[in-house]
Number of protein chains: 2
Amino acid sequence: MRQVDIDTKMKFLHGLSNKTRIQILESIKEDEKTVSQIVQDINGNQSNISQHLSCLKGCGLVVGRQDGKYVYYRVRNQLVRDLLTMVDVVLEDVEKDVACCDSHVE
Amino acid sequence: MRQVDIDTKMKFLHGLSNKTRIQILESIKEDEKTVSQIVQDINGNQSNISQHLSCLKGCGLVVGRQDGKYVYYRVRNQLVRDLLTMVDVVLEDVEKDVACCDSHVE
DNA sequence: TCATCATATTAGCAATAACTAATATGTATG
DNA sequence: CATACATATTAGTTATTGCTAATATGATGA
């Protein structure tokens with residue numbers, strides 16, 4: 001396996017480290033949305049969401065396209081979608097594992 | 001797909017949001033190590049590494065076992081290992097994608 | 001071209017997180 | 001039971017991040 005540059009990797013993972021950003025990703029995981037739709041969707045602040053979208057774009061997690069006065073954002077591709085799904089799957093597994101097996105260690 | 005609690009998810013993802021923690025995970029991805037081995041391995045500070053290990057344990061990403069005066073840490077299980085691998089895979093794909101297709105958008 | 005609407009950017013403040021040094025806990029061994 | 005060593009915890013400081021409000025940019029259409 002090739003070695004991925006750690007700083008590039010951190011920049012990428014940084015995209016997943018904030019609640020609002022995760023909410024955005026969940027919101028647009030299946031279909032693209034305009035900024036204002038996202039703002040409504042997750043009940044956020046326009047400036048804030050815009051900044052987070054810019055961050056997510058910088059991380060490569062989402063892409064945007066302008067259509068008239070709207071900008072539509074979507075998750076970059078299926079692989080990124082798969083990664084998001086995998087996070088949920090692994091988390092669920094870990095939760096189960098912790099519940100049953102870590103009790104005596106705590 | 002079941003809806004994962006967002007705050008639980010954030011706690012989990014927080015484990016992946018720091019460079020030192022990622023270095024730790026990479027260091028113990030294949031085989032377990034003691035705290036001091038990890039400290040050496042990534043050239044870190046004992047207190048700092050210990051705190052990060054505690055964080056990673058809290059996130060469910062790693063587990064520790066005491067053996068005499070040593071504590072061995074390892075990545076929790078194969079699924080977590082797979083997730084770490086997947087991050088690298090997706091990142092690599094995104095990098096390639098950005099390099100070839102996002103230039104005119106930047 | 002002016003007014004309006006969608007989005008982006010900036011600046012300043014508030015909240016979190018990370019780091020270091022010092023100290024505490026706990027395990028082994030003479 | 002005293003000493004040494006491995007790890008954990010705490011406290012204080014610094015650095016990073018996120019938020020909000022205000023303003024700027026850029027597109028549309030009267």
Side-chain angles (χ1 to χ4, degrees), chain A residues 6-28 31-59 61-74 102 104-106, chain B residues 6-28 31-59 61-74 102 104-106:
Chain A
I6 182 95
D7 291 308
T8 309
K9 189 159 161 181
M10 287 325 301
K11 188 184 166 204
F12 181 71
L13 286 169
H14 181 244
L16 302 176
S17 71
N18 172 273
K19 184 167 170 175
T20 302
R21 285 194 294 272
I22 291 294
Q23 287 176 312
I24 292 174
L25 289 168
E26 285 176 350
S27 165
I28 62 178
D31 26 50
E32 64 176 11
K33 289 185 183 158
T34 68
V35 177
S36 36
Q37 280 179 312
I38 298 168
V39 168
Q40 274 205 300
D41 218 36
I42 72 183
N43 200 20
N45 163 298
Q46 185 269 321
S47 163
N48 193 18
I49 300 298
S50 181
Q51 288 175 73
H52 282 303
L53 282 166
S54 161
C55 171
L56 287 167
K57 199 165 86 173
C59 295
L61 288 162
V62 312
V63 291
R65 70 175 178 91
Q66 182 118 24
D67 182 11
K69 59 183 180 179
Y70 295 93
V71 179
Y72 287 86
Y73 283 93
R74 63 173 185 281
D102 281 10
H104 60 291
V105 181
E106 301 301 316
Chain B
I6 183 92
D7 291 309
T8 310
K9 190 159 160 181
M10 287 326 300
K11 189 185 166 201
F12 181 70
L13 286 169
H14 180 245
L16 303 176
S17 72
N18 172 273
K19 184 167 171 175
T20 302
R21 285 195 292 273
I22 292 294
Q23 290 181 120
I24 291 173
L25 288 168
E26 286 176 348
S27 165
I28 62 177
D31 26 51
E32 64 177 12
K33 290 184 183 157
T34 67
V35 177
S36 35
Q37 281 179 312
I38 298 168
V39 168
Q40 274 205 301
D41 218 36
I42 71 182
N43 198 21
N45 163 299
Q46 185 269 322
S47 164
N48 193 18
I49 300 298
S50 182
Q51 288 175 73
H52 282 303
L53 282 166
S54 161
C55 171
L56 287 167
K57 200 165 86 174
C59 295
L61 288 162
V62 312
V63 292
R65 70 175 178 89
Q66 181 118 24
D67 181 12
K69 59 182 180 179
Y70 295 94
V71 179
Y72 286 85
Y73 283 94
R74 65 175 183 282
D102 280 11
H104 61 290
V105 182
E106 300 300 318

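Chain letters run A, B, ... following the sequence lines, proteins first and then strands; every chain starts at 1. FYI, side chains are in, hydrogens and waters are out, and symmetry mates aren't considered; it's all heavy atoms of this structure.
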Indicate whether OP1 or OP2 belonging to D/dC5 is found under 4.0 Å from a side-chain N or O atom of B/S36.
no
Is A/Q40 atom CD crowded by more than 12 heavy atoms from other residues, nucleotides or ligands, each under 6.0 Å away?
no
Send over the distance from B/K33 NZ to D/dA6 C1', rounded to a whole Å.
17 Å
Does C/dC19 have OP1 or OP2 under 4.0 Å away from a side-chain N or O of B/T20?
yes
Of the candidate nucleotides D/dT7, C/dA8, C/dA6, which contains the atom at the shortest distance from the side chain of A/K69?
C/dA6
Send over the distance from B/Q23 CD to C/dC19 C1', rounded to a whole Å.
14 Å
Send over the distance from B/L53 CG to D/dT9 C1', rounded to a whole Å.
14 Å
Is any side-chain N or O of A/R21 closer than 4.0 Å to OP1 or OP2 of D/dG18?
yes
Which whole-number value in Å describes the distance from B/D67 CG to C/dG26 C1'?
14 Å
Can you tell which of C/dA17, C/dA6, D/dC19 lies closest to the side chain of B/H14?
C/dA17
Indicate yes or no: at least one non-hydrogen side-chain atom of A/R74 is less than 4.5 angstrom from one of A/D31.
no
Output the rounded distance in Å from CD1 (B/I49) to P (D/dA6).
16 Å
Do B/R21 and B/L61 come within less than 4.5 Å of each other through their side chains, counting heavy atoms only?
no
Please give, in whole Å, the distance from D/dT17 C1' to A/L13 CG?
16 Å
Side-chain N,O (B/Y73) to OP1/OP2 (D/dA8) below 4.0 Å:
yes
Shortest non-hydrogen contact from B/Q46 toward B/V39:
CA-CG2, 3.9 Å
How close or far is atom P of D/dG18 from atom CG of A/L56, stated in whole angstroms?
10 Å
Sorted by position of nearest nucleotide on DNA chain D, 5' first, the leading residue of A/S17 and B/Q66 is B/Q66
Taking the nucleotide of DNA chain D with the closest heavy atom to each, which residue, A/G68 or A/H52, is nearer the 5' end?
A/H52
Does A/S27 offer a backbone N or O that forms a donor-acceptor pair with the side chain of A/K33 under 3.5 Å?
yes
Enumerate the residues from residues 38-48 of chain A whose closest heavy atom to DNA chain C is under 4.0 Å, giving them by residue number; use none for an empty result.
A/Q46, A/S47
Atom CG of A/L16 to atom P of D/dT17: distance rounded to whole Å?
15 Å
Could you check whether B/S54 gets within reach of a base, just the sugar-phosphate, or nothing at all, counting any heavy atom under 4.0 Å?
nothing
Could you list the residues that satisfy side chain to side chain contact (heavy atoms under 4.5 Å, CB included) with A/N43, not counting sequence neighbours?
none
For the backbone of A/I28 and the side chain of A/E26, can you confirm whether one donor and one acceptor N or O come within less than 3.5 Å of each other?
no
Residue A/Q51, side-chain atoms from C-beta onward, closest of C/dA11, D/dG18, D/dA6:
C/dA11
Any donor-acceptor N/O pair, A/K11 side chain to A/G58 backbone, under 3.5 Å:
yes
